[in-house]
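Some notes on the structure that comes next.
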Amino acid sequence: MRWNKLSPIGACWLLGITLVLLLVLPLSAAADEGQPDGVSQSSQCVALVDEVRKENKKLHRELRQIKREIALLNQNLEEPGLREIAAGIGYILGLCGVAALVATRRQGAEER
Amino acid sequence: MHIADGVLPTAVAAGSYIVTLAGLGLSLRTLDQRELPKIAVVSSSFFVASLIHLPLGPTSVHLLLPGLVGALLGPTAFLSIVVGLFLQSLLFQFGGLTALGANSLMMGLPALVCGFLYRRLRGTSKKSNALVGSLVSGLGVLLAALILAFFLATGGESFMGVAKIALVAHIPVMVVEALVGGFVISFLYQVKPELLGVTLARENV
């Protein structure tokens, strides 16, 4: 069909259909949004996102706290404890004991 | 105040090891076996003293006691300090093993100087002993800080800058050690003067 051969009635039909489409489509879309079901869904979504965000924040805080505790623990582990102190003193006394033993033996050998 | 591993150039670390070994040999030659228990006790005190931390602003500094060790042990102080530092580096991770020579010199030389000065200047009264003891204890920290600055200067830092920081950071330690040293020496002079070599000196005379 050529446009220049279009009859007036056909043109009217075409215009009418186009108008109807132009009117109906936006309306139907608006009707979709306006449905009560859709509203509750979207508000639920928002609430969920809020919940997730809150949860995230809480976890973040806890994670930071745990990290801090780990750092503190590491620091405490690096610091020498009672065991190391006792070990060191024991080493020193033991070394001096060995030295005293060697010295007395040498003295004894000289006296003989 | 400990030098960590890898701070000093290798040549300096090795050189200080050699000097330390020489000092250790000399120290061992002057060792009197009757003094062994005293050496053990003083070494243990030196070993533990570094755990007594004084909070100082954002950081903390700890007692060093080179002056007191020197005053108590004289020339044998070097041996005591090397043993103490060796065990500290093994058990407390204070200063590395490769820097042990430098650390020993840093503490040992002030101890020798302080011991010498104390024995020269202490006089015969309790007061003069306490005074000289506390002065010498403070001087030990001062000398140690200067030697620290010298060692770090060989690692490329500027001597004056490091010396200034080290001295300022150790002013409270100096004060505390002077108090501790004066108290310990006056107490020992009263209750057990032979620990300070007083009666030994009389025997020798």
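Letters A, B, ... mirror the listed sequences (proteins, then strands); counts begin at 1. The structure displayed is predicted, hence computed values, not measured ones.
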What heavy-atom pair brings [X] and [Y] nearest, and what distance separates the two atoms?
X: A/L93; Y: B/A40; value: CD2-CB, 3.6 Å
X: B/F47; Y: A/E84; value: CZ-O, 4.0 Å
X: A/A99; Y: B/L36; value: C-CD1, 3.6 Å

(message) Quick check on B/L87 against chain A: is it the side chain, the backbone, both or neither that has a heavy atom closer than 4.5 Å?
(response) side chain

Please report the interatomic distance [atom1]([X]) to [atom2]([Y]), rounded to the nearest 0.5 Å.
X: B/F46; Y: A/I92; atom1: CZ; atom2: CD1; answer: 9.0 Å
X: B/S43; Y: A/I89; atom1: OG; atom2: CD1; answer: 11.0 Å
X: A/I85; Y: B/S44; atom1: CD1; atom2: OG; answer: 12.0 Å

Would the number of heavy atoms belonging to other residues, nucleotides or ligands and lying under 6.0 Å from [atom1] of [X] be above 12?
X: A/Y91; atom1: OH; value: no
X: B/F187; atom1: CZ; value: no
X: B/F150; atom1: CZ; value: no
X: A/L59; atom1: CG; value: yes

(request) Compare all side-chain heavy atoms of A/R106 with those of B/Q33 and state whether any distance is below 4.5 angstrom. (result) no

